[in-house]
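Both counts, for ligands and for their atoms, begin at 1 and track the order of listing. In this text the structure is predicted, and so the values were computed from the model without any measurement.
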Amino acid sequence: MYKIALLPGDGIGPEIVPQAVRVLQVIGEKYQRQFEFKTALIGGAAYDATGHPLPEETLELCRNSDAVLLGAVGGPKWDNLEPQLRPERGALLPLRKKLGLYANLRPAVVNPALAEASPLKEELVSGLDVMIIRELTGGLYFGEKHRENLPDGGQKAVETLEYTTQEVERVARLGFEMARKRNKKLMSVDKANVLESSKLWREVVIKLAEEYPDVELSHMYVDNCAMQLVRNPKQFDVMVTENMFGDILTDLASQLTGSIGMLPSASLGGEVALFEPIHGSAPDIAGQNLANPIATILSAAMMLRVTFGLDTEAAAIEQAVNQVLAQGYRTGDIMQPDKTQLGTVEMTDAIIKALG
Ligand code: IPM
Ligand code: MG
């Protein structure tokens with residue numbers, strides 16, 4: 001019995017998470033696996049119902065589950081709440097922190113059928129398969145922050161960027177391990193020419209490399225990395241970087257694959273692993289059966305592989321997605337000329353049909 005906590009959240013979250021559940025249920029029947037689903041509130045939906053975007057019961061459910069599948073949080077309705085109650089800062093970041101999920105795996109893989117949907121030239125992206133590992137519980141997003149009033153009537157906003165040796169080492173270790181399983185190349189991304197935290201980052205990574213003589217380690221400044229990702233993305237294999245750089249670079253990398261609606265992620269390192277699409281809650285298209293469910297369905301596949309070790313089942317889902325795309329089915333975000341546009345539910349129907 002695999003116990004899965006579902007946190008649909010806001011916007012398109014409550015549309016896409018049930019689609020991933022449908023796929024998992026079909027997998028369960030087909031391969032004789034028992035999945036137990038329990039749902040809890042998070043984000044704006046939780047705030048509306050309980051007054052807090054991350055209720056204690058939600059954390060409890062996550063801790064008592066084998067894995068967590070999250071949709072997305074946030075939306076204009078909650079944008080003006082005080083920062084600690086906003087879905088992003090009051091729910092998503094503390095959820096990651098409280099569950100100890102310091103490593104976020106964001107694979108950017110170009111589906112063969114979608115190479116021409118990328119805004120980049122097809123030859124630059126076709127065959128691309130990059131794994132970006134983003135540090136997820138440190139850095140600027142978690143540092144002490146405050147405002148001060150200035151005598152000139154203006155204000156000063158202060159953020160703090162901290163990293164410790166141990167925080168860098170544990171996520172870098174995952175980078176080396178991942179590189180070992182793939183092409184034995186690791187790119188560490190920092191801004192060591194300017195930031196003290198990046199200087200420490202680089203020192204720690206270089207020291208750790210002694211334990212991985214079989215992995216070829218390189219370093220790149222984050223600004224150059226952004227440029228290289230659009231100039232020649234296939235030079236990369238496994239990348240590891242700090243929280244904010246990873247946040248930005250993974251949105252960029254998502255476009256190499258055609259759409260941010262395609263990319264799954266896994267957050268690891270804690271008591272329970274969390275899987276979520278890297279896209280947000282897309283309030284502009286919520287409730288209209290327009291959202292692309294593939295990133296969430298692929299996140300469920302990642303869950304099967306990474307947490308449950310169900311490689312065959314995970315591969316079956318990934319193949320079904322490939323097949324449906326090869327057949328010419330698309331959601332709006334990846335629509336191309338002469339293809340067939342489907343809604344959220346119908347795209348999932350097609351994937352389920354392809355599962356056979
Ligand atoms: C992401 C998102 C979040 C982040 C936001 C919603 C807080 O952009 O998962 O990449 O910055 O981590
Ligand atoms: Mg982001």
Looking only at protein heavy atoms, what sits closest to atom 1 (C) of ligand 1 is Arg106 NH2, 3.4 Å
May I ask you to identify the nearest protein heavy atom to atom 7 (C) of ligand 1, giving residue, atom name and distance to one decimal place in Å? Glu88 CB, 3.8 Å
Quick one: does any side-chain atom of Glu148 pair with a main-chain N or O of Leu150 as donor and acceptor, under 3.5 Å? no
Ligand 1-proximal atoms of Arg96, by part, heavy-atom distance under 4.0 Å: side chain
Going by the atom numbers of ligand 1, which of them fall below 4.0 Å from some non-hydrogen atom of Tyr141? 11 (O)
Would you please test Thr241 and Ile133 for side-chain contact (heavy atoms from CB on, under 4.5 Å) and show each step? CA-CA 6 Å; Thr241 191; Ile133 303 174; over 6 Å; no
Please check if the side chain of Thr250 supplies one atom and the backbone of Asp247 the other of a donor-acceptor pair under 3.5 Å. yes
Any side-chain to backbone donor/acceptor pair from Arg96 onto Tyr102? Under 3.5 Å, distance only. no
Any donor-acceptor N/O pair, Asp190 side chain to Ala192 backbone, under 3.5 Å: yes
Donor-acceptor pair, Asn104 side chain versus Glu135 backbone, under 3.5 Å? no
Would you say Arg134 contacts ligand 1, with heavy atoms under 4.0 Å as the rule? yes
Identity and distance of the protein heavy atom lying nearest atom 10 (O) of ligand 1: Asp247 OD1, 2.9 Å
The Mg ion (ligand 2) is nearest to which N, O or S atom of Asp247? OD1
